[in-house]
*Asks:* 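Sending over a structure as structure tokens; questions will come in a sec.
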Amino acid sequence: MRFPRPRVTAALAAVSAALVLLAGCGGGTPSGDEQASGPPQSGGTATYAVNGEISGTFDPAKLISISGTIADGTVGALLYGGLVETNPVTQEVVPVMAKSLTSDDGTVWNLVLRDGLKFSDGTAFDAAAVKVNWERHADPAVASGARGAASAMASLEVVDPVTLRITLKDMNFQFPRSLALFAVNWIASPAAIQAGTLADQPVGAGPFMLKDRQRDDHMTFVRNPNYYDAPRPYLDQVVLRPIADSTQRLNSLTTGQIDGLLALKRNDAVQAENQGLQVLTVNMSGGISLYFNFTKPTSGDVRFRQALRLAIDNGAVSESVEQGNGYDASAFFAPGTVFDDPASAWPKPDLAAAQKLIDEMAAERGGPVRFEFIVDQSNEAEATAVQTQLAALKNLQVDLQVLAPLQPTQRMIKGDFEVAVNSNFNLDPEPRIGLALQPGNARNYLRYDNPEMTAVMQAGRATEDVEKRKEVYRKFDEIVNRDVPWVVLLRSNPNVIWDATKLKDVTVFEDGIIHWDRVWRSGT
Amino acid sequence: MGRRLRSRLLHIVPVLLLVTFGSMLLVDLTPGDPAATILGESATPEQIDALRRQLGLDRPLLVRYWEWLGNIAHGDFGRSIRSQQPVLDAIVERVPVTLELAVLALIMAFAVVIPLALYTAYRAGGRADRTANVVTSALVSMPPFLTALLLVFLFALTLRAFPATGWVRLLDDPLGNLRSAFLPALALALTEIAVMTRVLRSDLIATLQEDYILSAKAKGLPTWYVLLRHALRPSSFSLVTLAGLSLGRLIGGAVIVETLFALPGLGQLLVNATLAKDAVVVQGVVIFVALVYVALNVLTDFFYTILDPRTRVTGA
């Protein structure tokens, strides 16, 4: 059951739009374990493998982002819950600890919290607490990973204990998506912030509290008795185990040492399915992509970008990297997602057409077209597959450089690259794609500046009406097909895998974070 | 012994300075930026610069090294750039895991090496010796990650006898601890078994040619007694040296095995710190491992004097 969303009527077209969120309705219908599993039982422990340690500390300002693909997302959700979250199927932002988040003009927003929220230390989780947290994220001295999201707020005003008025610097009806995706969604106890103990002794209002931690081995979380949604959480404990190697994660599940894991490789999911394990895949648009620097002579030439897109068969990349188990990646928006339109598919691979474009460039330059291609070690397989395909083109020389983790990203941030591989997968174009294409934005690694695209993305933020947004993103598809800011090589859909004989009612939000407050263990 | 110990301790100072500066230099020279690692891929260049200044990473390498040395002199190993955990705490937390693995691996190795080397040396050239040669050659040429994966496949996935990953603390569950340590320790032990068997066998073959062995045999002493009592001890010099070096290497370098089995040991700490360019942690681990090496060398020298009392006089 969902709260009825306010209609944008003709009379209010200029100013009125709202995102109204209902609390206490089961949190929407996120994808997950649909099978009937009986009434939840309390008690027991679930052990879940993540692919590494948290990036920094338990302080929300040091947990990088709300993503199931890294430990930070799961840890933050366990400790801090969240004000809102994105349903990965409907792509709607739904409430968790917020009762509603509404705006008439997209600039001034009212955040209303549930009544009686408390942190695990017993202090009040109120509007003032949210304000303290967000002001802290915006403070440059804190060096928060969510500073960008917090800095988009011009002012914060506590209206009453449960209401916070947020004034944004720019109108944005997709603001709740930024809230759902960045660490501003996690509110820590101001008392713990004041005491400076968040790093090791986090205090939030999420379903679980940190009990103990042995670095690189496990983190144990126990039930929070102050959690707002009693009798949830059902589990007594959640144990997270960082296991870096994906094969070992799956082996650990197979041998019963853990109850579930997150896998980024489709191959792991296929293996798991073959072993009778339950798999939940989150359908993401975009994927692992080639990124082009528009300010460099070679990658800035649209003929070069189009040639690469025509030369690269991402089906063959999938065949090489995922042994053909990968998903269709013939358009930016994944099949079955809200903004998918089969008519927006990219042109089919055409080596002759690609060669013609490269020959044209080579003739102008009086020699072969050379470019530097940088890639993180983790994407070496995709890069090698691309290099192999590009070898079929004459007059094209690829200088592939495999770099240390995060180094390609840092070079992209500085604009010191021609072509790079970047993870570009999203549930919704906002906020990440919007920022990636916004001139002057720090996330615009492409140095892309097309006023037509800027206007299109702004139009996407200027409405909350899904049908209008669909129209907007048809235009987005057109421009992407023309300008080729990226070439999607491989869909990168997170897979949550678990033993369904042990864990019940497993559902996820965002890109694969489990609703741990809803999970229960069979036979406890 | 005391003089030698003092001499060793004096020698270690330049060694420690060299290895810690070298490790800091290497971490500094490798591509990447700890500030960017901490802030993640969403960070702006301004945020990264601000954090670099906050962490003091904008200062010259020598200044940072000098400051680190000053802190070390006061017993302060510093804090991890990434996790803010005191480095000494991080090391102390992980040493038991790595130490237990290393010791268990050596115990497993000795349990196999001594009888195997004695038998193959005694029956040198026989079928068992030739078979042992082939097997040890194969084990030496197998990288530990491959050995580890094969062990996981056989004992964890197929037989379900041992866990594929994870660590149970000794105090929490001693039996569970042994189960969790068995496969990684065996993966480490197999390489040691191969090398040590070959070394001890060669030394034993040489010893068994000595006149006093012939004399012992001529006296009618049982073969097992001759081998254990007369041949093994004088043949153990190389083995003891090797074991000392192996223990040091295992403590500092069980990197692959700890990563594959997801064990919270020093190797894992070192890998993660290196990837995150967390120089303070890398230096802390390096200085710890260097100290362990020196301590083991001293211990090895001590064992020489037990094995051969002549070395107390000659200082051999």
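Labels below follow one simple rule: chain letters A, B, ... track the order of the sequence lines, proteins then strands, and each chain is numbered from 1. FYI, side chains are in, hydrogens and waters are out, and symmetry mates aren't considered; it's all heavy atoms of this structure.
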*Asks:* Please round to the nearest 0.5 Å and tell me the distance separating atom OG1 of T255(A) and atom CG of L159(B).
*Replies:*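 CG of L159(B) is found 12.5 Å from OG1 of T255(A).
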*Asks:* Going from CZ on F153(B) to CG on N251(A), what distance comes out if it is rounded to the nearest 0.5 angstrom?
*Replies:*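 Separation between the atoms: 10.0 Å.
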*Asks:* Picking from L403(A), T57(A), T254(A), which has the most non-hydrogen pairs under 4.5 angstrom with chain B?
*Replies:* T254(A)
*Asks:* Is K169(A) atom NZ crowded by more than 12 heavy atoms from other residues, nucleotides or ligands, each under 6.0 Å away?
*Replies:* yes
*Asks:* How many angstroms lie between atom CG of L250(A) and atom OG1 of T165(B), to the nearest 0.5 angstrom?
*Replies:*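 Separation between the atoms: 11.0 Å.
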*Asks:* Determine the minimum heavy-atom distance between A262(B) and R241(A), stating which atoms define it.
*Replies:* CB-NH2, 4.3 Å
*Asks:* With a 4.5 Å cut-off on heavy-atom pairs, point out which of R94(B), Q268(B), E93(B) contacts chain A the most.
*Replies:*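 Among the listed options, the one with the most contacts to chain A is R94(B).
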*Asks:* With sequence neighbours excluded, what pairs up with D72(A) under the salt bridge (charged side-chain N to carboxylate O under 4.0 Å, His left out) test?
*Replies:* none
*Asks:* Identify which part of Q248(A) has an atom lying under 4.5 Å from any heavy atom of chain B, answering side chain, backbone, both or neither.
*Replies:*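 Contact with chain B: backbone and side chain both.
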*Asks:* Non-hydrogen atoms of chain B under 4.5 Å away: do they reach the side chain of I54(A), the backbone, both or neither?
*Replies:* backbone
*Asks:* Between CD1 of I243(A) and OG1 of T259(B), what distance do you get to the nearest 0.5 Å?
*Replies:* 12.0 Å
*Asks:* Between Q257(A) and A164(B), what is the shortest heavy-atom contact and its length?
*Replies:*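 Closest approach of Q257(A) to A164(B): OE1-N, 2.6 Å.
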*Asks:* Residue by residue, which of residues 144-152 of chain B have a heavy atom closer than 4.5 Å to a heavy atom belonging to chain A?
*Replies:* V152(B)
*Asks:* Working to the nearest 0.5 angstrom, can you tell me the gap between R215(A) CZ and N272(B) CG?
*Replies:*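 Rounded to the nearest 0.5 Å, the CZ-CG separation comes to 11.0 Å.
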*Asks:* Which answer fits A49(A), side chain, backbone, both or neither, if we ask what part of it has an atom under 4.5 Å from a heavy atom of chain B?
*Replies:* neither
